[in-house]
Protein chains: 2
Amino acid sequence: MLIYVLLGFLCEKDMTGYEIKQKMTLSTSNFIDASFGSIYPMLKKMEKGELIKYEEVVEEGRFKKSYGITEKGKSEFIEWLKTPCTFSPFNYEYLNKLFFYKYLDDLEVVQLISSFQTTVASEYNKLASIEEKHVHEMGVYEHATLMFGKEYYQMIMNWHDRLTRKITGKKENEHENDKEF
Amino acid sequence: MLIYVLLGFLCEKDMTGYEIKQKMTLSTSNFIDASFGSIYPMLKKMEKGELIKYEEVVEEGRFKKSYGITEKGKSEFIEWLKTPCTFSPFNYEYLNKLFFYKYLDDLEVVQLISSFQTTVASEYNKLASIEEKHVHEMGVYEHATLMFGKEYYQMIMNWHDRLTRKITGKKENEHENDKEF
DNA sequence: ACTGCCATGTAATTTGTTACATGATTAC
DNA sequence: GTAATCATGTAACAAATTACATGGCAGT
């Protein structure tokens, strides 16, 4: 979902395709790092759909297209942001969204996270039940990949718990010792 | 890399596309779970490339294509399996390979895992250095996604450590208390 | 002069998905 | 008889990649 990363970045300020790519490499390469070959055509497509607009500028003799988000783009982005994630283990959609949660209210974020936690927990349980039924017929490596899934989900749940505590703690100015997150 | 999952499954025994899909859902859906719309065309393509062959059989009045791997397919699969993974966070290639590591020697596996550990550690360090340089200009959520990456890599390293201990422990009949993996 | 970075873009290809279409068997 | 499962397949579409192509500026 490259489109939403681009919209998210353009929410903050106007940028060129090149600048967006740089920012992606720095801050989102962790879960998404598109190439120029997908960024530029996507920007063009979004411009046609009136989600973004651009000005042609010349800086230091260099030709640039400075893209900015439109009202239509902004509202479509926020709407996407508010939609709860369907979870799939190697789908970075939720990180993509979470990265931009600053554009939502704390309360809304906590609710979204909580609903996501439920989904993750149910995935964890699915794996746990597969493990229970089929461990005996599983080899070391098959079992290891299953453990990977379980540990992955567990990590996500812990990570979410810490994040939630950080958000609510920040809001209610709690005692919680949160320096560590 | 659907092709290698299919080859991997067919290494074990002859199967129909339908059976493969079932097995995937049960055992690899954790990291890959292709649809019929990709399995069947891929099987056809692999058959043309002589990586697999099939027999038409009729069982319980049902028409089936029972696919089996060829020597060419087997050697291409093993070659792929031996190639060290290029790591990318939301790329399940290494799980895909690891799932089939039973077809390699323990020694080879330990070496592959060890080389992979190095890659993961270097990714972890990349994130850590980004964090060090840019925490001050990062919002809560941006930081959270970065922490996700770090914790994810940490989890992988721990998971690999346990797996390595299990493999070497098994081989050398060590004292190690490995019941827990 | 040459290398590296800035900046944009296209074309071909890869790798899948979803939706559709068919038809047989099994269990209720 | 009808719903679920077994079994295969195609067509249209989606989302992104890699490789290629262009050109200007800045520093050595």
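All chains are named by letter (A, B, ...) in the order of the sequence lines, taking the proteins before the strands, and each is independently numbered beginning at 1. Quantities reported herein were computed from a predicted structural model and do not represent experimental measurements.
- Under the 6.0 Å cut-off for aromatic ring centres, A:Y141 and B:F100 do not qualify, their centroids lying 6.0 Å or more apart.
- Following rounding to the nearest Å, A:Y18 (OH) and C:dC5 (P) show an atom-to-atom distance of 8 Å.
- B:Y4 places its OH atom 13 Å from the C1' atom of C:dT14, with the value rounded to the nearest Å.
- Residue B:S38 has no polar side-chain atom (N or O) positioned under 4.0 Å from OP1 or OP2 of C:dT15.
- Salt bridge annotation for A:E151-B:R162: present, with a cationic side-chain nitrogen under 4.0 angstrom from a carboxylate oxygen.
- When each of A:G61 and A:G37 is assigned the nucleotide of DNA chain D with its nearest heavy atom, A:G37 is the one assigned upstream, toward the 5' end.
- The stretch residues 43-57 of chain B participates, sequence neighbours left out, in no side chain to side chain donor-acceptor pair (under 3.5 Å) pair at all.
- To the nearest angstrom, P of C:dT14 lies 7 Å from NZ of B:K45.
- When each of B:S66 and A:L2 is assigned the nucleotide of DNA chain D bearing its nearest heavy atom, the one mapping closer to the 5' terminus is B:S66.
- Aromatic rings of B:F148 and A:F31 (six-membered ring for Trp) have centroids beyond the 6.0 Å cut-off, not under it.
- Atom CD in B:E60 sits roughly 16 Å away from atom P in D:dT5 (whole-Å rounding).
- Taking only side-chain nitrogens and oxygens, A:T16 never comes nearer than 4.0 Å to OP1 or OP2 of C:dA7.
- Phosphate contact (OP1/OP2 of C:dT17, side-chain N/O of B:S35, threshold under 4.0 Å): present.
- Side-chain atoms of B:K64 never come within 3.5 Å of backbone atoms of B:M15 as a donor-acceptor pair (strictly under, hydrogens ignored).
- Counting any heavy atom pair closer than 4.0 Å across all strands shown, B:Q22 reaches sugar-phosphate atoms only and no base atom.
- Within the 4.0 Å cut-off from OP1 or OP2 of D:dT10, at least one side-chain nitrogen or oxygen of B:K44 is found.
- With rounding to whole Å, A:E47 atom CD is found 10 Å from C:dG9 atom P.
- Rounded to whole Å, the distance from CD1 on A:I39 to P on C:dG9 is 12 Å.
- Taking atom NZ of residue A:K65 and atom P of nucleotide C:dC6, one finds them 20 Å apart after rounding to whole Å.
- Atom CE of B:M1 is separated from atom P of D:dT17 by 14 Å (rounded to the nearest Å).
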